[in-house]
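As structure tokens, the structure follows; a few thoughts come after it.
By convention here, the first residue in the shown sequence is residue 1. In what follows, every heavy atom counts, from backbone to side chain, and hydrogens, waters and symmetry copies are set aside.
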Amino acid sequence: MFLEDFPTSIGRIGSSGPEDQLRIAHGLKSSALHMGAVALSKRMAALEDKLSRLGGQVGPMELAEALADFEAFAGPLRKYAAS
């Protein structure tokens with residue numbers, strides 16, 4: 001589920017309202033940590049922190065960086081899941 005849901009969820013951060021953005025970022029942070037993706041979890045924690053501030057927004061570059069961190073972790077995980 002993590003491999004399938006993360007890219008969709010990160011995309012929803014850019015198109016959701018503030019409360020949903022914060023909820024999604026928090027969930028992705030927790031899911032990443034649960035999967036052992038520490039760097040990705042830290043990136044999501046930083047986005048969550050930014051979104052929790054009054055008027056906090058994340059830009060497309062920040063979302064792209066989070067997605068790149070996900071892809072770096074997902075490659076080996078996909079290989080493992082396929083075996």
Side-chain angles (χ1 to χ4, degrees):
M1 286 183 68
F2 177 74
L3 291 173
E4 294 174 13
D5 291 345
F6 190 95
T8 302
S9 295
I10 198 78
R12 286 186 12 239
I13 289 177
S15 62
S16 297
E19 288 181 23
D20 285 337
Q21 288 176 333
L22 188 56
R23 181 185 52 78
I24 294 166
H26 178 77
L28 292 176
K29 174 191 75 175
S30 298
S31 294
L33 188 57
H34 178 75
M35 295 301 296
V38 176
L40 178 58
S41 181
K42 288 180 181 179
R43 167 112 37 210
M44 296 311 303
L47 294 181
E48 180 185 20
D49 182 58
K50 189 172 183 180
L51 288 166
S52 70
R53 292 187 215 133
L54 184 61
Q57 296 180 6
V58 294
M61 182 59 87
E62 292 164 302
L63 297 176
E65 290 169 346
L67 193 54
D69 283 352
F70 165 77
E71 288 300 334
F73 180 80
L77 185 58
R78 285 186 184 111
K79 287 181 184 177
Y80 175 77
S83 61

Taking all heavy atoms of [X] and all of [Y], pick out the closest pair and write down the distance.
X	Y	result
Ser16	Ile24	OG-CD1, 3.9 Å
Gly56	Leu51	O-CD2, 3.7 Å
Ile10	Ala66	CD1-CB, 3.8 Å

Test item: His26 and Ser30 side chains (from C-beta on) under 4.5 Å apart, heavy atoms: yes
Within-4.5 Å side-chain heavy-atom neighbours: Leu47 and Leu28: no
Could you pull out all residues at least two apart from Asp49 that satisfy salt bridge (Lys or Arg N to Asp or Glu O under 4.0 Å)? Arg53
Sequence neighbours excluded, the answer for salt bridge (Lys or Arg N to Asp or Glu O under 4.0 Å) partners of Arg12 is none
Quick one: which residue pairs count as a salt bridge (charged side-chain N to carboxylate O under 4.0 Å, His left out) with a foot in residues 22-31, not counting sequence neighbours? Asp20-Arg23, Lys29-Glu48
Can you list every pair that meets salt bridge (charged side-chain N to carboxylate O under 4.0 Å, His left out) and has a residue in residues 56-66, with sequence neighbours left out? Arg43-Glu65, Lys50-Glu62
ring-ring contact (aromatic ring centres under 6.0 Å, His included) partners for Phe2, two or more places apart: Phe6, Phe70
Got a second to check how far Leu40's CG is from Leu67's CG, nearest 0.5 Å? 9.5 Å
Rounded to the nearest 0.5 Å, what's the gap from OG on Ser41 to CG on Asp69? Could you check? 11.0 Å
Is Leu33 linked to Leu3 within one hydrophobic cluster, defined over Ile, Leu, Val, Met, Phe, Trp and Tyr using a side-chain heavy-atom separation of less than 4.5 Å? no
When the side chains of residues 71-83 are checked against the rest of the protein, which donor-acceptor pairs come out under 3.5 Å, sequence neighbours left out?
{"unit_1": "Glu71", "atom_1": "OE1", "unit_2": "Arg78", "atom_2": "NH1", "d": "3.1"}
{"unit_1": "Ser83", "atom_1": "OG", "unit_2": "Tyr80", "atom_2": "O", "d": "2.8"}

